[in-house]
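Keep in mind that what you see is a predicted model, and the values were worked out from it rather than measured.
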Amino acid sequence: MDNRKAELIETLLPKDTNSYGNIFGGVIMSIMDKTAGVVCWRYARKRVVTACAQRISFHTPINVGEVIYSRATIVHVGRSSMEVEVEVEAENVTDGERRLAASGIFTMVAVDENWHPSPVPQWQPVTEAEIEKWRAAEKRRKEA
């Protein structure tokens with residue numbers, strides 16, 4: 001099992017919608033944050049907190065009653081921080097159609113019992129795709 005990946009599957013209810021029947025963006029961001037937290041928690045084996053959420057894009061509305069798949073992958077690891085790409089896919093269960101609904105990047109930080117940053121296991125990319133994402137994360141860190 002790849003401990004740099006996690007997936008949460010949820011269906012949302014009318015309480016999560018706006019007056020058009022679409023799921024609130026804040027609800028989706030919360031699920032994305034939760035997915036990023038789960039993957040980092042499992043990877044670091046420590047409590048983690050959200051340090052940053054960026055480049056969140058909503059690609060298509062998500063309708064009440066659809067199933068959503070929130071997938072998170074750690075793409076960069078620092079001393080105590082982890083950068084996570086999160087994608088949300090929506091599925092219309094009546095016809096099986098799936099589509100990318102949202103995406104974003106979250107930075108999570110592992111913390112100790114006193115809420116101070118705490119070291120995490122190191123990881124280095126191996127595949128060309130992993131190296132490319134690592135370099136993009138390094139560039140974002142320098143620009144911040």
Inset, instruction - Report yes if some heavy atom in the side chain of N22 is under 4.5 Å from a heavy atom in the side chain of T17; otherwise report no. - result: no
Inset, instruction - Quick one: pull up CD1 in I31 and CD in E10 and give me the separation to the nearest 0.5 Å. - result: 4.0 Å
Legend entry - Residue that, paired with C40, satisfies side chain to side chain contact (heavy atoms under 4.5 Å, CB included) out of V84, V49, T50: V84
Residues 96-107 side chain polar contacts: donor-acceptor under 3.5 Å, at least two apart:
unit_1: R98; atom_1: NH1; unit_2: E89; atom_2: OE1; d: 3.2
unit_1: R98; atom_1: NH2; unit_2: Y69; atom_2: OH; d: 2.9
unit_1: R99; atom_1: NE; unit_2: T60; atom_2: OG1; d: 3.4
unit_1: R99; atom_1: NH1; unit_2: E66; atom_2: OE2; d: 3.0
unit_1: R99; atom_1: NH2; unit_2: P61; atom_2: O; d: 2.8
unit_1: R99; atom_1: NH2; unit_2: E66; atom_2: OE1; d: 2.8
unit_1: R99; atom_1: NH2; unit_2: E66; atom_2: OE2; d: 3.2
unit_1: S103; atom_1: OG; unit_2: H59; atom_2: NE2; d: 2.8

Legend entry - ring pair (Phe, Tyr, Trp, His ring centres under 6.0 Å) partners of residues 12-38, not counting sequence neighbours, each pair once: none
Inset, instruction - With the side chain counted from C-beta on, respond yes when R79 and P117 share a heavy-atom pair under 4.5 Å apart, and no when they do not. - result: yes
Legend entry - Spatial distance of atom CZ (R71) from atom OG1 (T73) [nearest 0.5 Å]: 9.5 Å
Inset, instruction - Starting from the C-alpha separation in whole Å, work towards a yes-or-no answer on side-chain contact (heavy atoms from CB on, under 4.5 Å) for L12 and I28. - result: CA-CA 10 Å; L12 301 169; I28 300 305; 4.0 Å; yes
Legend entry - Connected via hydrophobic side-chain network under 4.5 Å: V120 and W41: yes
Inset, instruction - For the residue pair V75 and E83, establish whether any side-chain heavy-atom pair is separated by less than 4.5 Å. - result: yes
Legend entry - hydrophobic_cluster_shared for I62 and V67, side chain cutoff 4.5 Å: no
Inset, instruction - For V93 and G65, work out which heavy atoms get closest and say how close. - result: CG2-O, 4.4 Å
Legend entry - Enclosure of E132 CD (heavy-atom neighbours >12, cutoff 6.0 Å): no
Legend entry - Shortest non-hydrogen contact between G37 and V48, atoms and distance: O-CG2, 3.6 Å
Legend entry - Within residues 119-144 or reaching into it, pairs that qualify as ring pair (Phe, Tyr, Trp, His ring centres under 6.0 Å) - sequence neighbours excluded: H76-W134, W123-W134
Legend entry - Straight-line distance of E91 CD to I9 CD1, nearest 0.5 Å: 9.0 Å
Legend entry - Heavy-atom closest contact (G78 atom, Q122 atom, distance): O-NE2, 3.0 Å
Inset, instruction - Quick one: closest heavy-atom pair of D112 and N114, and the distance? - result: OD1-N, 2.8 Å
Inset, instruction - Check whether any side-chain heavy atom of I68 sits under 4.5 Å from a side-chain heavy atom of I23, and report yes or no. - result: no
Inset, instruction - Report the distance from atom CD of E85 to atom NZ of K5, rounding to the nearest 0.5 Å. - result: 10.0 Å
Legend entry - Same apolar cluster: L8 and V39, side chain cutoff 4.5 Å: no
Legend entry - Spatial distance of atom CZ (R42) from atom CZ (R4) [nearest 0.5 Å]: 12.5 Å
Inset, instruction - Inspect the surroundings of NZ in K133 and state if more than 12 heavy atoms from other residues, nucleotides or ligands are less than 6.0 Å away. - result: no
Inset, instruction - Identify the two heavy atoms, one from Y43 and one from V77, that lie closest to each other, and give their separation to 0.1 Å. - result: OH-CG2, 3.9 Å
Legend entry - R141 side chain reached by S81 side chain, heavy atoms, under 4.5 Å: yes
Inset, instruction - Considering non-hydrogen atoms only, spot the tightest contact between S70 and T35 and give its length. - result: OG-OG1, 2.7 Å
Inset, instruction - Calculate, to the nearest 0.5 Å, the distance between atoms CE and CE belonging to M108 and M82 respectively. - result: 7.5 Å
